[in-house]
Amino acid sequence: MLKIEQTRFISLNKISNIHIHNFCHYFEQSRLSVPQNKDLFLVVYIKRGFVKVSFDDTSILAKSGDIIAAPGSSKLEFSFSAYESQATPDYYVLHLADISDMIPDGSCPVINLTSAPEVLSSKFQLLESELMTQKDGWENICSCELNVLMRLISRDVTPLSESIAAPASRSDQLFKEILDYIHVHYCEKITLQSVADYFFISPYYLSHLFDNKKAVSLMQYITHLRIHEAQMLLRTTDYPVKQIAQMTGYQNANYFFNVFKQKTGMSPNLYRSENSSE
């Protein structure tokens with residue numbers, strides 16, 4: 001974790017006078033309870049990972065590229081999680097002072113900026129670099145970056161009532177991201193628990209979500225993808241059946257043989273011979 005404290009920047013154009021109380025860059029899974037301070041404003045940028053934001057008996061899931069912004073008086077608690085079990089989250093935490101009323105009361109703390117994620121990443125990386133090196137003009141550079149950042153945030157703020165009133169759209173977006181993840185990783189070692197951990201949700205919720213959206217279990221869907229991929233490889237390549245089994249996520253060739261026959265009604269070798277002759 002990188003932590004820099006107590007720095008003041010003064011804008012060249014006199015638009016604002018923003019005081020950074022502290023600047024932290026984290027690379028760890030953790031829970032973060034934010035101490036209440038009415039004189040500070042919290043900004044969190046999620047560069048990589050997922051964050052469960054809990055407040056007032058409500059929880060919202062934030063993901064890579066999102067910003068969390070809220071007055072320091074808000075009762076917020078964050079739980080950070082990585083994309084992969086071997087990876088680490090990557091997020092920045094800023095506590096700012098002297099922020100005017102740029103974020104209206106009653107706003108949702110999770111903000112999906114329309115700016116491309118790489119734009120946000122570059123801004124926080126620049127702030128970090130300038131704070132660490134403090135070369136000539138660093139105060140003005142940081143102040144300008146913060147001014148732009150706060151205006152981007154204020155432009156895309158939505159009322160909390162709208163965010164809470166639209167759980168279906170959030171679950172649809174989450175399910176889309178789950179499907180995207182599965183379609184990339186289905187040939188790897190993957191389980192209900194590992195997918196739930198990846199998205200920082202409970203296995204029960206994931207199972208319930210999948211049943212509602214697809215009318216099949218997650219593992220049944222993964223099996224369908226694997227067998228479909230195996231069929232394509234059997235038709236279009238000369239790879240041995242054992243190699244195809246491994247390529248589609250089955251380390252045990254006999255188990256692959258049994259699953260393939262159960263799903264297609266024929267053995268992998270028979271499937272290959274019949275489709276090769278067409």
Side-chain angles (χ1 to χ4, degrees), residues 29 46-52 59 61-66 79-90 117 167-278:
Q29 301 199 54
I46 310 164
K47 186 177 179 181
R48 181 180 63 243
F50 285 86
V51 182
K52 181 181 179 182
S59 294
L61 185 68
K63 62 185 186 305
S64 296
D66 285 349
S79 297
F80 295 85
S81 177
Y83 280 123
E84 307 281 0
S85 59
Q86 293 80 17
T88 56
D90 188 347
S169 62
R170 294 201 306 275
S171 66
D172 288 345
Q173 177 61 28
L174 175 60
F175 186 69
K176 178 182 180 301
E177 292 171 4
I178 291 171
L179 282 183
D180 290 342
Y181 174 84
I182 291 171
H183 278 259
V184 171
H185 296 279
Y186 69 90
C187 291
E188 304 169 12
K189 185 178 180 180
I190 188 172
T191 65
L192 179 70
Q193 185 67 56
S194 68
V195 177
D197 289 345
Y198 182 97
F199 286 94
F200 205 63
I201 57 179
S202 72
Y204 173 80
Y205 180 76
L206 174 59
S207 179
H208 180 73
L209 183 63
F210 222 91
D211 286 342
N212 283 344
K213 300 291 186 180
K214 284 291 185 182
V216 297
S217 72
L218 179 142
M219 296 313 297
Q220 287 174 330
Y221 186 76
I222 290 173
T223 297
H224 168 76
L225 293 176
R226 287 174 169 175
I227 297 304
H228 180 77
E229 177 73 6
Q231 289 175 307
M232 185 275 293
L233 291 170
L234 288 166
R235 290 194 308 267
T236 60
T237 73
D238 295 325
Y239 297 149
V241 171
K242 184 176 181 179
Q243 182 178 351
I244 289 177
Q246 294 176 339
M247 293 172 66
T248 54
Y250 295 98
Q251 298 306 310
N252 187 310
N254 290 331
Y255 182 67
F256 166 72
F257 183 95
N258 292 333
V259 173
F260 189 94
K261 189 171 183 179
Q262 179 186 18
K263 296 300 181 183
T264 66
M266 62 184 74
S267 69
N269 288 323
L270 180 58
Y271 179 88
R272 169 173 273 170
S273 63
E274 288 197 359
N275 283 275
S276 297
S277 61
E278 292 180 356

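Just so you know, these numbers come straight off a predicted model, no measurement behind them.
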Closest non-hydrogen atom pair between [X] and [Y], with its separation:
{"X": "Tyr186", "Y": "Arg226", "answer": "O-NE, 2.7 Å"}
{"X": "Asp211", "Y": "Val216", "answer": "OD1-O, 3.3 Å"}
{"X": "Arg272", "Y": "Ile244", "answer": "NH2-CD1, 3.4 Å"}

Original post:
Is there a donor-acceptor pair closer than 3.5 Å between any side-chain N or O of Thr236 and the backbone N or O of Met232?
Top reply: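 Side chain of Thr236 to backbone of Met232: a pair is present.
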
**OP:** Using atom types as modelled and distance alone, determine if a side-chain donor or acceptor of Ser194 lies under 3.5 Å from a backbone N or O of Ile190.
**Re:**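 Absent.
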
Original post:
Can you name the residues that form a side chain to side chain contact (heavy atoms under 4.5 Å, CB included) with Pro240, not counting sequence neighbours?
Top reply: Gln243

**OP:** Just jot down the side chain to side chain contact (heavy atoms under 4.5 Å, CB included) partners of Met266, sequence neighbours excluded, or say none.
**Re:**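 With neighbours one apart ignored, the set is Thr264, Leu270, Tyr271, Glu274.
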
Distance (rounded to the nearest 0.5 Å) between [X] [atom1] and [Y] [atom2]:
{"X": "Thr248", "Y": "Gln231", "atom1": "OG1", "atom2": "CD", "value": "10.5 Å"}
{"X": "Leu225", "Y": "His185", "atom1": "CG", "atom2": "NE2", "value": "13.0 Å"}
{"X": "Leu206", "Y": "Phe175", "atom1": "CG", "atom2": "CZ", "value": "9.0 Å"}

Original post:
Can you name the ring-ring contact (aromatic ring centres under 6.0 Å, His included) partners of His183, sequence neighbours left out?
Top reply: Tyr221

Original post:
Just wondering, are more than 12 heavy atoms of other shown residues or ligands nearer than 6.0 Å to CG in Asn212?
Top reply: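 Above 12, so yes.
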
Ignoring hydrogens and angles, write down the donor-acceptor pairs under 3.5 Å from the side chains of residues 251-263, residues two or more places apart or on other chains.
from: Asn252; atom 1: OD1; to: Asn254; atom 2: N; distance (Å): 2.9
from: Asn252; atom 1: OD1; to: Tyr255; atom 2: N; distance (Å): 3.0
from: Asn258; atom 1: ND2; to: Asn254; atom 2: O; distance (Å): 3.3

Subject >> Any residue meeting salt bridge (Lys or Arg N to Asp or Glu O under 4.0 Å) with Glu177, in chain and number order, not counting sequence neighbours >> reply: Lys63

Subject >> side-chain hydrogen bond (donor to acceptor under 3.5 Å, both in side chains) involving Asp180 - partner list, sequence neighbours excluded >> reply: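 Checked Asp180 against side-chain hydrogen bond (donor to acceptor under 3.5 Å, both in side chains); matches are Lys176.
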
Please examine the side chains of [Y] and [X], heavy atoms only from C-beta on, and report whether any two atoms are closer than 4.5 Å.
{"X": "Asn275", "Y": "Leu234", "value": "no"}
{"X": "Phe210", "Y": "Leu179", "value": "yes"}
{"X": "Met247", "Y": "Thr237", "value": "no"}
{"X": "Glu229", "Y": "Leu233", "value": "yes"}
{"X": "Ile182", "Y": "Leu218", "value": "yes"}

